[in-house]
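For reference, positions follow the sequence shown, starting with 1. Values in this document were obtained by computation on a predicted structure and should not be read as measured data. The figures here come from the full heavy-atom set of this structure, side chains too, leaving out hydrogens, waters and symmetry mates.
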Amino acid sequence: MLLKSIAIAASVAGVLVTAPAASAATTSHTPDWRYWGPGNCTPGYLCGWPSTEHPEGGPTETPTLKTNTDWTGNVMVYQYYNYTSRKAKVSWNHLDRWSGTVCVTPGENWFYIPFTVSKVVWEDCDPR
């Protein structure tokens, strides 16, 4: 009897592990606190905004960064949205103390503390 119970439990667990999530049919990613909408970013662009507010659907003020080509400059960005189908390597620094690069995947947004973005390169980077 115990063996039969274990076999049934294993079968149910196998079905649950392989079954697609119910929300998979209605959304392309699982929303969490890191994700918000593209706001007024034009499809085909990577946009960055100086605002810390997160209105429903995404930022509405004019982006300080809007590019679909390799870009170099110096703009303050609190949040961004990659509204393209490509990956972009974004170079940043924070308060001139920390700097680095981040691989921004399509539909991704992040930051939420003041970063100065200095470079965007469209390449197949590693998002880890």
Side-chain angles (χ1 to χ4, degrees):
M1 184 64 138
L2 178 62
L3 203 49
K4 186 175 180 180
S5 297
I6 292 172
I8 290 171
S11 295
V12 170
V15 169
L16 292 176
V17 169
T18 59
S23 64
T26 59
T27 182
S28 61
H29 68 275
T30 303
D32 66 22
W33 67 272
R34 296 179 301 164
Y35 296 99
W36 53 86
N40 62 356
C41 187
T42 306
Y45 285 84
L46 175 105
C47 297
W49 296 270
S51 174
T52 59
E53 296 181 19
H54 296 290
E56 182 80 23
T60 56
E61 73 270 36
T62 302
T64 52
L65 172 64
K66 183 178 178 183
T67 187
N68 63 1
T69 61
D70 288 353
W71 174 90
T72 303
N74 242 350
V75 295
M76 179 65 67
V77 172
Y78 276 82
Q79 53 188 310
Y80 65 79
Y81 192 89
N82 183 356
Y83 211 177
T84 74
S85 60
R86 304 178 291 162
K87 295 177 185 173
K89 185 182 280 186
V90 175
S91 299
W92 58 269
N93 90 51
H94 176 64
L95 303 175
D96 292 325
R97 292 184 185 175
W98 302 280
S99 62
T101 61
V102 62
C103 182
V104 182
T105 58
E108 182 180 351
N109 46 55
W110 194 245
F111 291 169
Y112 195 64
I113 58 174
F115 282 90
T116 301
V117 173
S118 57
K119 191 174 189 178
V120 175
V121 179
W122 297 94
E123 63 180 56
D124 190 22
C125 51
D126 185 0
R128 292 185 283 149

Output for pair (Tyr45 OH, Thr84 OG1), nearest 0.5 Å, gives 11.5 Å
Interatomic distance, NZ@Lys119 vs CG@Asp70, rounded to 0.5 Å, equals 8.0 Å
The side chain to side chain donor-acceptor pair (under 3.5 Å) partner of Lys87 among Asp126, Asn82, Thr105, Asp124 is Asp124
Relative to each other, are the rings of Phe115 and Trp92 parallel, tilted or perpendicular (30° and 60° limits)? perpendicular
Original post:
So Tyr81 and Tyr83, would you call those rings parallel, tilted or perpendicular, with 30° and 60° as cut-offs?
Top reply: perpendicular
task: Verify the cluster assignment for Val90 and Leu95: are they in a single hydrophobic cluster under the rule of side-chain heavy atoms below 4.5 Å apart?
output: no
Could you report the tightest heavy-atom contact between [X] and [Y], atom names first, then the distance?
X: Ser85; Y: Pro106; answer: C-CG, 3.5 Å
X: Gly44; Y: Asn68; answer: O-CB, 3.1 Å
X: Gln79; Y: Pro59; answer: OE1-CG, 3.6 Å
X: Ser118; Y: Asn74; answer: CB-OD1, 4.1 Å
X: Thr116; Y: Met76; answer: OG1-CE, 4.0 Å
X: Pro38; Y: Trp49; answer: O-CH2, 3.5 Å

Should Tyr80 and Val104 be marked as a side chain to side chain contact (heavy atoms under 4.5 Å, CB included) after you check the CA-CA gap, both sets of side-chain angles, and the distance that decides it?
-> CA-CA 9 Å; Tyr80 65 79; Val104 182; 3.2 Å; yes
Could you check whether any side-chain heavy atom of Glu61 comes within less than 4.5 Å of a side-chain heavy atom of Pro50, counting everything from C-beta outward? yes
List the steps, then state whether side chain to side chain contact (heavy atoms under 4.5 Å, CB included) holds for Thr101 with Val121.
CA-CA 10 Å; Thr101 61; Val121 179; over 6 Å; no
Give a yes or no on this: more than 12 heavy atoms of other residues, nucleotides or ligands lie within 6.0 Å of atom NZ of Lys66.
yes
For side chain to side chain contact (heavy atoms under 4.5 Å, CB included), just list the numbers for Leu46 and Trp71, CA-CA rounded to whole Å, side-chain angles, deciding distance to a tenth of an Å, and then say yes or no.
CA-CA 11 Å; Leu46 175 105; Trp71 174 90; over 6 Å; no
